[in-house]
Amino acid sequence: MEIPELLAPAGSPDSFRVAINAGADAVYLSGKDFGARYYAENFSLQEIREAVEYAHLHDRNVYVTVNTLLRDFELPDVAEYLQELSSAGVDAVIIQDPALLVLRDELSLDLPFHASTQMTIHNMAGIRWAEQMGLERVILARELSIEEVRTLAAESNVDVEVFIHGALCYSYSGQCLLSSFIGGRSGNRGRCAQPCRKKYELIQLKPSERRVPLREEYLLSTRDLSAYMHLQELVEAGVQSMKIEGRMRSPEYVATTVSVYRRALDKIKMGGWKPSEEEFEKLRLTFNRTLTGGHLFREDFMGREYPGDRGLPVGYVERYTGGRTHIRITSRIKPEAGDGLFFQDTGKGLYVHDHRYDGRLLTLPSVPVKEGTRVYLTGRKSLQKFTEKLRRSSPGKCWDIELKFTADKNGMVYLTAEWMMNGLRLRESVETQFERALKRPLNEDTIKNHLLRAGDKPFRLTLTELRYPGGLFYPLSRLNALRRDLLIRVERRILKERRSPHHHLKPEVDYPSRRLPEDPCISVYVEDLKSMRSALRAGAGRVYLEPQVHGDFRSCDDDDIMGVLERASEISARYGAETVWKWPDITHDWLLERLLEIEGNLSMDLMVGGYGIPDLINCDVKVYGSPALNIYNSHSAALLSGKFHLLTVSPELSWKDLQRIQVPPEIIVHGNLTAMVTRDNLWKLAPPDFDTSADSRWGIMDRRGDVFPINQLLGCETVIMNSRETCLIDFLPSLLDAGFRNFSIDCRIQSPRRTGLIVESYVNALESPEKLQDIKERIVGGSPSGVTASHFRRGLAE
């Protein structure tokens, strides 16, 4: 059976060596900049070169992450960096920002690109777009089921990669701005502060405002993924690569996960593999927040009770007497001297010492611990020894090299190496001159013995031909040097041949004029007809209507949705305005198919947040790009502008960043903006006495008392919105002077009355900029959590 590539993480050169030696087929890592794990140790350029050489000599691949969003002023440095990576011979670059596709074309680089999971590709439209853009691989969103993965892999013309182990994000990757909004540290820039691991309370905002009493406090904290128990099914799904997450984790974690999955994949290849509970327990010896099959296998992925390491549950406290704790051991793996133990709900731990184990009970000195307390193994001394052994070892022999030794009667010697690579038979040779022996001539056994010493080289040497007339002499030290010289040539040839040419499609890029000869337009995001009417009466020129379905869209009647949209078109026509049907930013294929069917009966203008969707839409319909596309710079805006009528730029951009954008975009100037998009439905945690009907409103509250409102999308995804309203009304004159004409307001969670007030205020501000401060006071006072312009004014905290 064909098995996928096993792809391992390396946050440091130390972890890289461990990953290769443990059996990874490929390793992904990052340089010091432009990687989504900024706080890992990461690699210098020289360390990347050394890693690539080591990997290639052992027939492994190295992928480098350049998977952050990039500002315009950074693109020259990124271009130089890409050239360095190409020169270093990396096997691929993992990207998030489409601007890199443009740079690759401009620089004529022969460098494969993989679409990062940060691109949120989760449907066939996204995969088709990746194919058109010349991407060689797509790393799928972690929210897909095994059935979806199987279908996408079967229909894709690019490689498909999935995560099989490691941390899960609460939000769809690439669709989380929570860390950015709270503290200015953006996950899209590799600096996530992990606010999802903090404590939150569930709040009902409507019909009555009250807190939901829950035992769990970490409402956004996920478990860790492990596909080990389902590995056979995932292999059969037809993916090309299986990825372990963990560039921020220890070498011990890398050593354990890679070795366990390597053994499993090798056995699957031979046939007859069954998941082993003992092997699964080994995975739990390293950092984990309890393991789950996650969305892939429709298992519960939330770990709301605790956000930290759980380790391996090994038993429970049976009794505490005389300063010693007696632990009933229930796991296959038994604690040993030097191991670390943790007592649940106590915050206390210890190292195993002065202990006794009778086959049932482990007894050791400790502080008092309550009977029945669960005990976890959180550190394994033998695992540290195993990792250290991997550091000092090598991946073994991976090249079969055939040697041929020929000497004529005059002492002319030819030593040749031949091997197969990429379907070709390659050859390298050296030559020298032996002398006639005066006393002790070399014999064939001595020659053979010295030629077959590969040392630490990744070569299996065989001597397939030995022609030696006898009677010749050559110093053994020089014979060894001759062999070393030949093997060095073989190494260089392998490294050279590994760099095979790749042919990429060239993306079409169009840079339209920055200044548009049009009057300013205020667009408004709404979710119902009442708010839409209020926005239009207040002077909105365009409405993005995103009808809410508080429940499962699968059970909704298409006629109900069509009826709302048709009424919306009638209403906007009375005001001479445009109605745009805003689709959810997440559209799994089942949902996309249904939306396309409804759209086919309406032919409405659309706003979408996914790559490739415009290619599925009738060409007479205008398609707008939502903020979910994460437009950060002129290159990505230009690349996508050919498919979208108008693009909304990322709300993370500062005033300085916006001035560099060459393609005229739309700018969100007001509203509680989307902070996260997740598959988790938080209000389902509410007890039965809470109203969860379509009229109810929900939010989560952090420890500072800030409330983040919650909405639900048509595809049943949940949107968590920022607690504070973005407000850029002060900056409208400057934006107009800079040539910007399209401004949007997010009123999806606002009442119809406040929607009208906000829109009217911005329309008045455009008409009477001298009254800005009076106008601003009208809207600031009605904001429950206040307003902010932090990103626009100051930029991200970096």
Side-chain angles (χ1 to χ4, degrees), residues 36 67 96 115-127 129-130 137-153 156 160-178 187-188 192 196 219-227 230 233-234 237 239 241-245 289 291-304 552-554 583-595 608-613 626 628-630 674-682 684 710-720:
N67 58 342
Q96 176 184 10
S116 169
T117 190
Q118 289 285 120
M119 279 188 156
T120 328
I121 294 179
H122 59 284
N123 54 32
M124 186 52 67
I127 287 182
W129 174 85
R137 177 180 292 183
V138 169
I139 306 168
L140 293 176
R142 283 171 281 191
E143 287 74 13
L144 293 171
S145 69
I146 183 64
E147 293 82 10
E148 290 174 301
V149 169
R150 185 181 296 115
T151 299
L152 294 177
S156 173
V160 168
E161 178 177 308
V162 295
F163 282 88
I164 59 168
H165 198 93
L168 289 169
C169 287
Y170 183 70
S171 171
Y172 281 79
S173 295
Q175 303 303 315
C176 180
L177 300 181
L178 188 60
N188 284 325
C192 179
C196 55
L219 300 186
L220 312 185
S221 186
T222 58
R223 299 179 180 181
D224 281 4
L225 173 67
S226 175
H230 308 274
E233 187 177 357
L234 194 52
V239 299
S241 181
M242 293 181 169
K243 184 176 206 166
I244 298 170
E245 185 277 339
R289 300 179 178 94
L291 300 179
T292 173
H295 301 287
L296 260 177
F297 300 100
R298 292 190 171 86
E299 295 179 6
D300 182 15
F301 62 97
M302 296 307 301
R304 306 184 206 270
D552 194 338
F553 181 54
R554 293 178 178 87
W583 284 4
D585 291 324
I586 301 299
T587 49
H588 289 259
D589 276 312
W590 72 266
L591 174 60
L592 188 55
E593 181 179 348
R594 189 167 176 192
L595 293 174
V608 301
Y611 302 114
I613 295 179
S626 87
L629 292 169
N630 288 322
T674 297
M676 305 178 97
V677 183
T678 176
R679 295 214 89 171
D680 183 38
N681 296 133
L682 279 161
K684 291 184 178 179
I710 296 171
N711 253 3
Q712 187 181 28
L713 302 179
L714 290 180
C716 301
E717 275 74 27
T718 299
V719 172
I720 298 177

Q | Which atom of A141 lies closest to which atom of Y172, heavy atoms considered | A | CB-CD2, 4.4 Å

Q | Close side-chain approach of H295 and L144, heavy atoms under 4.5 Å | A | no

(Q) Has E148 got a side-chain atom pairing as donor or acceptor with S145's backbone, closer than 3.5 angstrom? (A) yes

Q: Could you list the residues that satisfy side-chain hydrogen bond (donor to acceptor under 3.5 Å, both in side chains) with T718, not counting sequence neighbours?
A: N681

(Q) Given 3.5 Å as the limit, does a donor-acceptor pair link the side chain of E245 with the main chain of A167, or not? (A) yes

(Q) Could you measure the distance from the CZ atom of R594 to the OG1 atom of T587? Nearest 0.5 Å is fine. (A) 14.5 Å

(Q) side-chain contact (heavy atoms from CB on, under 4.5 Å) for K243 and T117? Distances and angles first, verdict last. (A) CA-CA 11 Å; K243 184 176 206 166; T117 190; over 6 Å; no

Q) Between atom CG of N123 and atom CG of L591, what is the distance when rounded to the nearest 0.5 Å? A) 9.5 Å

Q | Separation between CD1 of I127 and CD1 of I121, rounded to the nearest 0.5 Å | A | 7.0 Å

(Q) What I'd like to find out is whether the side chain of L595 reaches to under 4.5 Å of the side chain of P584, using heavy atoms alone. (A) yes

Q: With rounding to the nearest 0.5 Å, note down the distance linking CG in L178 to OG1 in T674.
A: 11.5 Å

Q. With distance as the sole criterion, is a donor-acceptor pair present between the side chains of S173 and R142 under 3.5 Å?
A. yes

Q: Measure across S221 and M302 and return the closest heavy-atom pair with its distance rounded to 0.1 Å.
A: O-CE, 3.1 Å

Q) At what distance, to the nearest 0.5 angstrom, does CE of M242 lie from CG of L234? A) 3.5 Å

(Q) Assess the residue pair R304 and D680 against the criterion (side-chain contact (heavy atoms from CB on, under 4.5 Å)); give the C-alpha distance rounded to whole Å, side-chain angles, the decisive distance to 0.1 Å, and a yes or no. (A) CA-CA 12 Å; R304 306 184 206 270; D680 183 38; 2.9 Å; yes

Q) Would a 4.5 Å heavy-atom cut-off, applied to side chains only, mark L225 and I164 as touching? A) no

**Q.** Polar side-chain atom of R679 near backbone of E717 as donor-acceptor pair, under 3.5 Å
**A.** no

Q. Under 3.5 Å, side chain of T292 to main-chain N/O of D300, donor-acceptor pair present?
A. yes

Q: Might you confirm whether atom CD of E147 has over 12 heavy atoms from other residues, nucleotides or ligands at distances under 6.0 Å?
A: yes

Q. If you look at every heavy atom in A125 and L592, which pair is closest and at what distance?
A. CB-CD2, 4.1 Å

Q. What do the steps show when you test H122 against E143 for side chain to side chain donor-acceptor pair (under 3.5 Å), and what is the final call?
A. CA-CA 8 Å; H122 59 284; E143 287 74 13; over 6 Å; no

Q: Determine the minimum heavy-atom distance between G187 and Q118, stating which atoms define it.
A: O-NE2, 4.1 Å

Q | Stepwise side-chain contact (heavy atoms from CB on, under 4.5 Å) test for H230 and I146 | A | CA-CA 10 Å; H230 308 274; I146 183 64; over 6 Å; no

Q: Carefully, step by step, assess F163 and L296 under the rule side-chain contact (heavy atoms from CB on, under 4.5 Å).
A: CA-CA 9 Å; F163 282 88; L296 260 177; over 6 Å; no

Q | Flag, side chain of S171 to backbone of Q175, donor-acceptor distance under 3.5 Å | A | yes

Q) Closest heavy-atom contact between T222 and Y170? A) CG2-CA, 3.9 Å

Q. Any side-chain heavy atom of I720 within less than 4.5 Å of one from L682?
A. yes

**Q.** From CG (N188) to CG (N630), nearest 0.5 Å
**A.** 4.5 Å

Q: For the residue pair Y611 and W129, categorise the inter-ring angle as parallel (less than 30°), tilted (30 to 60°) or perpendicular (more than 60°).
A: parallel

